[in-house]
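Taking it in order: structure first as structure tokens, then the write-up.
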Amino acid sequence: MERHAHDVHELILVLRGSQESQVSDTMLAANEGDILLYRSGIAHEEWASRALESYFLAFKWRDCPPNMPVNIRDTRGRVRVILEWLHEETLARTPAAQSSSRALLQIALAEIVRLSTASDSDLT
């Protein structure tokens, strides 16, 4: 995708394959288990391998820490499990599923914040 920015935050969790992106002058590579978090208003450009499989979310996050890194490693696979659950809830399309989807997104974001400050996060 050509250079673009959004008024929402974007989260991509690579399940299979790889994705490269450029944010400012920095080139990033995301592989299986890596999270790309583009804060709203941050211009970025993306390239993906043919075999890319990922979860993609667009959302508003009022309390997004301003120093959040773009590339975060899901070292324990917790974000992947939460996003799988979130995906299933989204497909359910019931009022209860909408409520649990919001809660799951908050849990995923809390884990991402934890990963961004943990010493085992392999931040790039």
(request) Answer yes or no: is there a side-chain heavy-atom contact under 4.5 Å between Gln19 and Ile12? (result) yes

(message) Suppose we call two aromatic rings close when their centres sit under 6.0 Å apart. Are Tyr38 and His6 close by that rule?
(response) no

(request) State, yes or no, whether a side-chain contact exists between Glu45 and Trp47 at a heavy-atom distance under 4.5 Å. (result) yes

(message) Under the rule for side chain to side chain donor-acceptor pair (under 3.5 Å), what residues qualify as partners of Arg80, not counting sequence neighbours?
(response) Glu84

(request) Please name the pair of heavy atoms, one in Ser18 and one in Leu52, separated by the smallest distance, quoted to 0.1 Å. (result) O-CD1, 3.8 Å

(request) Report yes if the side chains of Thr26 and Leu28 come closer than 4.5 Å at any heavy-atom pair, otherwise no. (result) yes

(request) Quickly, which of Glu2, Glu20, Arg3, His4 forms a side chain to side chain contact (heavy atoms under 4.5 Å, CB included) with Glu46? Name it, please. (result) His4

(request) Would you check if Leu13 and Ser54 make a side-chain contact, meaning some heavy-atom pair closer than 4.5 Å? (result) no

(message) With a 4.5 Å cut-off on side-chain heavy atoms, are Met68 and Val113 touching?
(response) yes

(request) Drop me the distance from Leu105's CG to Leu83's CG, to the nearest 0.5 angstrom. (result) 8.5 Å

(request) Look only at the side chain of Gln22 and the backbone of Ser24, and say whether a donor-acceptor pair between them is shorter than 3.5 Å. (result) yes

(request) State, with a plain yes or no, whether a side-chain heavy atom of Arg39 is found less than 4.5 Å away from one of Glu10. (result) no

(message) Within the structure provided, determine whether Leu109 and Phe59 are in side-chain contact (heavy-atom separation under 4.5 Å).
(response) yes

(request) Decide yes or no for Cys64 and His9: does some side-chain heavy atom of the first lie under 4.5 Å from some side-chain heavy atom of the second? (result) yes

(message) Show, in sequence, the C-alpha distance, side-chain angles and deciding distance for Asn31 and Val14, and conclude whether the side-chain contact (heavy atoms from CB on, under 4.5 Å) test is met.
(response) CA-CA 6 Å; Asn31 298 298; Val14 177; 5.5 Å; no

(request) Output the distance between atom OG (Ser21) and atom CD1 (Ile42), rounded to the nearest 0.5 Å. (result) 12.0 Å

(message) Would the distance check show the side chain of Asp34 and the main-chain N or O of Arg73 forming a donor-acceptor pair, the cut-off being under 3.5 Å?
(response) no

(message) Using only atom types and a distance under 3.5 Å, with no angle test, would you say the side chain of Asn71 pairs donor to acceptor with the backbone of Ala29?
(response) yes

(request) Kindly give the heavy-atom pair with the smallest separation between Ile82 and Ala108, and that separation in Å. (result) CG2-CB, 3.7 Å

(message) Run Glu111 and Arg78 through salt bridge (Lys or Arg N to Asp or Glu O under 4.0 Å) and show every step you take.
(response) CA-CA 8 Å; Glu111 176 64 6; Arg78 291 175 178 168; 3.7 Å; yes

(request) Using only heavy-atom distances, determine whether the side chains of Glu89 and Ser100 contain a donor-acceptor pair under 3.5 Å. (result) yes

(message) Using the side chain to side chain contact (heavy atoms under 4.5 Å, CB included) definition, which of the options Leu37, Val8, Leu11 pairs with Trp61?
(response) Leu37

(message) Tell me whether Val81 shares a hydrophobic cluster with Leu91, the cluster being built from Ile, Leu, Val, Met, Phe, Trp, Tyr side chains joined at under 4.5 Å.
(response) no

(message) To check you understand the geometry: which heavy-atom pair defines the closest contact between Ala97 and Ala92, and what is its length?
(response) CB-CB, 3.8 Å

